[in-house]
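So the structure is just underneath, and the comments pick up after that.
Residue numbering restarts at 1 for every chain, and letters A, B, ... go by the order of the sequence lines.
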Number of protein chains: 2
Amino acid sequence: MPVEIIARQSVVDVLEHRLREDILDGTHGPGELLPPERELAAGYGVTRTTLKHALSRLEQAGLLSTRHGIGTRVRDFLRVGGADLLPMLAARDNGWLAEVFEVRGHIGALIARRAAGRRTVRQARRLAELLEAVAQAPDGDAAQLADVEVHRELARATGNRVYLLLTNTLFNAYLPVRAALRAPFEDPAEAAARLAPVVRAVADGLPDEAEAAATRYLRATEKIMLGSLLPPGGARPAAPRA
Amino acid sequence: MPVEIIARQSVVDVLEHRLREDILDGTHGPGELLPPERELAAGYGVTRTTLKHALSRLEQAGLLSTRHGIGTRVRDFLRVGGADLLPMLAARDNGWLAEVFEVRGHIGALIARRAAGRRTVRQARRLAELLEAVAQAPDGDAAQLADVEVHRELARATGNRVYLLLTNTLFNAYLPVRAALRAPFEDPAEAAARLAPVVRAVADGLPDEAEAAATRYLRATEKIMLGSLLPPGGARPAAPRA
DNA sequence: GGTGTGGCAGTGGCTCAGCCACCCGTGACC
DNA sequence: GGTCACGGGTGGCTGAGCCACTGCCACACC
């Protein structure tokens, strides 16, 4: 078993994470003005310069809004935040993760439909190769990553790059927590077999069938994943808080 | 006529913009190693600290990947970038904008379907109010913004917050360039009339009808928008300016 | 009393110089 | 031939300092 790779965390990374938690937890509520940078920096025990780097990132993420001479205000991320917040939200909260899966299911079906209508011959061949890579994967983790590549290629086959970026966004939310969702991929051959009808329908250029197959596939996978995520007692899977 | 408000641009903003252009234009191609920070800062005539702020933002946006002791590498944003890149891409290139509209159409239909199935009574009432606000808008710009609020509420009515964030993302790409796409909203009453069937179907809880109505609405609006975007002579719609 | 205005205190923007931590190639050493 | 120490180059972070912007309030003026 490979040693666990600890991602190196810079001071700014840690700081950004703590600030984000404080914001999402409501310690700094929406609309609220953050303490002055000098004060905040002292509070976290870092230089103002370092703090500013962290604030700058959070500002770009849509969580903060800074104005010269005034201060830094916490924004209501549900109103202005984009899908790039999903990775941090999904990592915090299984409710978000469940919602991501639901949307991934819907959009995955949409993508399969478009891909069936537009994929090139070359892309159809590439899809078959990538599917084979899933089947041949040496372990669950490799199968899981290979599966992602198939979906990426499906998105590419729509001919619409926005679908590719959306797929990236949803996977960015999913990949960091994928270890807890490996159940559907423990048997790579079986995982590939589940995925095969989608690839076949897309390769054959059958939009309706591709959409239906994708819906079946994503629903089945989601079920196994979320089932393995919840304690047998069965907490509610997706209770949108408030 | 109100004076044109010039958005204040900080040095970091300008620098970030220039760097991003240089990356998207291919001056710094994917996989390439950027020059050292000290050198880059000197080249742009700013302090290393300031440059680092700009780099830090681009890194978070997924365009760069920095490693201590090694350097800063340009990433292939089509592979790893998320949907949050859309605002900058759509602002640069009408091709991207057209793709955003296509996806917005597909996802808008999806959202209408889910909203019809799940909306609360309160949300149905709110939708009617927001639709009325479109009709009552004093001018095209106000109607356009009111229209956005209707779509936001539709996304909220799905009960899935991911749809709300996705909607935000797509609108974040659309709003900065909305002035060029005002044609469908010049007559607020007419714009509201086009949107009305969607709101009605959602309020009545009819998923199939809502999806169909949303598809019709978004397709019609898209047509007017993209049509107005092109000169009558008919230049190619999606010319990425090299 | 109402009005305008100048100054001031507080805030973020940006710079500067410097040291630290990390990676890697090189060459001495075993 | 393998190992390891070292140095050059890179990004990470600091601390102090000054500048630019905003809002407010006391003051002078009408």
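Between the CD atom of B:Glu16 and the P atom of C:dG13 there is a distance of 13 Å, given to the nearest Å. Distance A:Leu55 CG to C:dG12 P: 8 Å, rounded to the nearest Å. Rounded to whole Å, atom P of D:dG12 lies 17 Å from atom CG of A:Leu51. At whole-Å resolution of the value, CG in B:Leu40 and C1' in D:dG12 are 16 Å apart. Straight-line distance from the CD atom of B:Glu37 to the P atom of C:dC22: 16 Å, rounded to whole Å. As a whole-Å value, the separation of B:Arg48 CZ from D:dG12 P is 8 Å. Rounded to whole Å, the distance from CD on A:Glu59 to P on C:dT11 is 18 Å. The CD atom of B:Glu39 sits 7 Å away from the P atom of D:dT10 (whole-angstrom rounding).
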Could you go through the side chain to side chain contact (heavy atoms under 4.5 Å, CB included) check for B:Glu99 and A:Leu164 one step at a time?
CA-CA 11 Å; B:Glu99 291 177 44; A:Leu164 190 50; over 6 Å; no
As a quick check of understanding, evaluate side chain to side chain contact (heavy atoms under 4.5 Å, CB included) for A:Leu130 and A:Val134, giving each step before the final call.
CA-CA 7 Å; A:Leu130 290 170; A:Val134 175; over 6 Å; no
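Phosphate proximity of C:dG13 to A:Lys52: present, with a side-chain N or O under 4.0 Å from OP1 or OP2. Contact annotation: B:Thr47 reaches the phosphate of C:dC16 (side-chain N/O to OP1 or OP2, under 4.0 Å). At the phosphate of C:dC14, OP1 or OP2 sits under 4.0 Å from a side-chain N or O atom of B:Ser10.
Taking the centre and axis of the six-membered ring of A:Tyr174, the NZ or CZ atom of A:Arg104 falls inside the cone set by 45° and 6.0 Å.
Separation of atoms CG (A:Asn168) and CZ (B:Phe77) is listed at 10.5 Å; rounding is to 0.5 Å.
Results of the side-chain hydrogen bond (donor to acceptor under 3.5 Å, both in side chains) test with B:Ser56 over A:Arg57, A:Gln60, A:His53 single out A:Arg57 as the only residue that passes.
Side-chain contact, B:Asn172 with B:Thr169: no donor N or O sits under 3.5 Å from an acceptor N or O.
Taking only distance into account, the side chain of A:Arg67 never meets the base of C:dG12 through a donor-acceptor pair shorter than 3.5 Å.
Comparing B:Gly45 and B:Arg38 along DNA chain C, the residue whose closest nucleotide (by nearest heavy atom) sits nearer the 5' end is B:Gly45.
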Atom pairs, protein N/O to nucleotides 7-10 of chain C N/O, distance under 3.5 Å:
unit_1 : atom_1 : unit_2  : atom_2 : d
C:dG10 : N2     : A:Gly69 : O      : 3.3

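With sequence neighbours excluded, no residue forms a ring pair (Phe, Tyr, Trp, His ring centres under 6.0 Å) with A:His28.
Among the nucleotides C:dG12, D:dC13, D:dA16, the one closest to any side-chain atom of A:Val12 is D:dC13. Comparing D:dG15, D:dG12, C:dC14 by their closest approach to the side chain of A:Thr49 singles out D:dG15.
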